[in-house]
Amino acid sequence: MESPKTSPDPADALISRLYRNALGVPPERYRAWALEQVAQLIPCDGALWGSGMAANLRFHTSTVVGLPADFPQQLEATAAINPLLPRILSSLEEPVDMRSVLSDTEFRSSEIYRQVFGPQGIERILSTGHRDERSGLYSLVTLYRRDASKPFTDAERNSQQHITF
């Protein structure tokens, strides 16, 4: 008896597409293109991909889609009041949902919301950090949603973890 054909995992298909097209997308456009591809798998209104030195948590390179170009600098300037950052750093390789850090009420009354997320209409955040122990470099991929009624699901968290690896 023939085994049923299964459709490929959407995250695996995305990873394959990212690899296959890496040489066909201009290097200066690759990160934005990759974030746009991720948004097709995990719907979001904005995304950030940043890299830098873990020692000072400053981005050397950052790309945003659906957000102002200065958004990474806003995050850096408010790192001391961002409750998501310590959780990301203590849970590297695992997606962190802002809802696991603060309740919606606490989030909306927080200083980071007033200064950074609220003005952008950001209500949902899913972020994964990675640090290379040898080089001290880190990468951060964060997805943002403006619709509070659309929290990130477990399946979306699993997909983000799989593709950011």
Side-chain angles (χ1 to χ4, degrees), residues 7-79 82 84-85 87-89 91-99 112-113 115-148 150-165:
S7 58
D9 174 48
D12 285 338
L14 171 62
I15 292 166
S16 176
R17 192 166 59 249
L18 293 174
Y19 277 107
R20 279 193 327 266
N21 291 292
L23 295 176
V25 177
E28 67 277 2
R29 173 88 180 102
Y30 183 79
R31 283 183 173 217
W33 175 82
L35 290 173
E36 291 163 359
Q37 302 306 301
V38 169
Q40 291 177 27
L41 176 66
I42 306 170
C44 59
D45 302 303
L48 164 76
W49 181 356
S51 301
M53 289 300 295
N56 63 7
L57 296 176
R58 297 278 182 213
F59 295 122
H60 292 164
T61 304
S62 60
T63 301
V64 290
V65 173
L67 294 163
D70 69 341
F71 188 75
Q73 290 74 33
Q74 292 175 33
L75 285 176
E76 287 177 343
T78 55
N82 189 340
L84 190 59
L85 188 56
R87 180 69 66 84
I88 294 166
L89 294 173
S91 304
L92 294 171
E93 313 303 333
E94 296 178 26
V96 178
D97 189 321
M98 179 59 94
R99 291 182 311 151
I112 191 73
Y113 182 83
Q115 288 186 32
V116 180
F117 301 123
Q120 299 304 321
I122 293 170
E123 296 292 328
R124 301 289 175 210
I125 304 169
L126 185 63
S127 190
T128 301
H130 168 78
R131 181 174 49 218
D132 182 293
E133 294 299 326
R134 287 182 307 137
S135 67
L137 294 174
Y138 77 94
S139 292
L140 178 72
V141 175
T142 305
L143 308 177
Y144 302 98
R145 287 185 178 155
R146 292 187 172 99
D147 187 344
K150 296 196 188 301
F152 290 98
T153 66
D154 288 340
E156 290 169 330
R157 282 190 291 282
N158 290 338
S159 290
Q160 187 188 34
Q161 182 172 16
H162 187 60
I163 60 177
T164 56
F165 178 77

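Taking CG from Asp70 and CD from Glu76, the interatomic distance works out to 11.0 Å, rounded to the nearest 0.5 Å. For the atom pair CZ (Phe117) and CG (Leu67), the distance works out to 9.5 Å, reported to the nearest 0.5 Å. Asp45 CG to Asp147 CG: the interatomic distance, rounded to the nearest 0.5 Å, is 8.0 Å. Atom CZ of Arg124 and atom CZ of Arg99 lie 5.5 Å apart (nearest 0.5 Å). Atom CG of Leu57 sits about 5.5 Å away from atom CG of Leu89, to the nearest 0.5 Å. To the nearest 0.5 Å, atom CD1 of residue Ile125 and atom CG of residue Asn82 are 7.0 Å apart.
Between Gly66 and Arg146 the shortest heavy-atom distance is O-NH2, 3.1 Å. Nearest heavy-atom pair, Pro43 versus Glu156, reported as atom, atom and distance to 0.1 Å: CD-OE2, 3.8 Å. The minimum heavy-atom distance linking Ala47 with Leu35 is given by the pair CB-CD2, 3.9 Å. In this structure, Arg145 and Pro151 approach most closely via the heavy-atom pair NH1-O, 3.1 Å. Between Gln37 and Leu14, the closest heavy-atom pair is CB-CD1, 3.5 Å. Smallest separation of non-hydrogen atoms from Pro95 and Gln160: CB-OE1, 3.4 Å.
No donor-acceptor pair closer than 3.5 Å links the side chain of Asp97 to the backbone N or O of Leu126. Under the 3.5 Å distance criterion, the side-chain polar atoms of Asn21 are matched with a main-chain donor or acceptor of Arg17. With hydrogens and angles disregarded, no donor-acceptor distance shorter than 3.5 Å links the side chain of Arg131 to the backbone of Leu137. Looking only at distances, no side-chain donor or acceptor of Glu93 sits under 3.5 Å from a matching main-chain atom of Gln161. Under the 3.5 Å distance criterion, the side-chain polar atoms of Arg31 are left unmatched by any main-chain donor or acceptor of Val64.
Residues Gln115 and Thr78 bring no donor and acceptor atom of their side chains to less than 3.5 Å of each other. Inspection of the Arg87 and Ser91 side chains reveals no N or O donor paired with an N or O acceptor under 3.5 Å. A donor-acceptor pair shorter than 3.5 Å cannot be found between the side chains of Ser51 and Thr61.
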Requested in this report: Could you please spell out the steps behind the side-chain contact (heavy atoms from CB on, under 4.5 Å) verdict for His130 and Leu140?
Outcome: CA-CA 6 Å; His130 168 78; Leu140 178 72; over 6 Å; no

Query raised in the report: Do Glu94 and Thr128 pass the side-chain contact (heavy atoms from CB on, under 4.5 Å) test, and can you show the C-alpha distance, the side-chain angles, and the key distance before you say yes or no?
Result: CA-CA 6 Å; Glu94 296 178 26; Thr128 301; over 6 Å; no

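A ring pair (Phe, Tyr, Trp, His ring centres under 6.0 Å) check over residues 37-78, counting only residues at least two apart or in different chains, returns the pairs Phe71-Tyr144.
Side-chain contact between Ser127 and Val141 is absent, with no heavy-atom pair separated by less than 4.5 Å. No side-chain heavy atom of Leu48 sits less than 4.5 Å from a side-chain heavy atom of Thr63.
Judged as a ring pair (Phe, Tyr, Trp, His ring centres under 6.0 Å), and not counting sequence neighbours, Tyr138 has no contacts.
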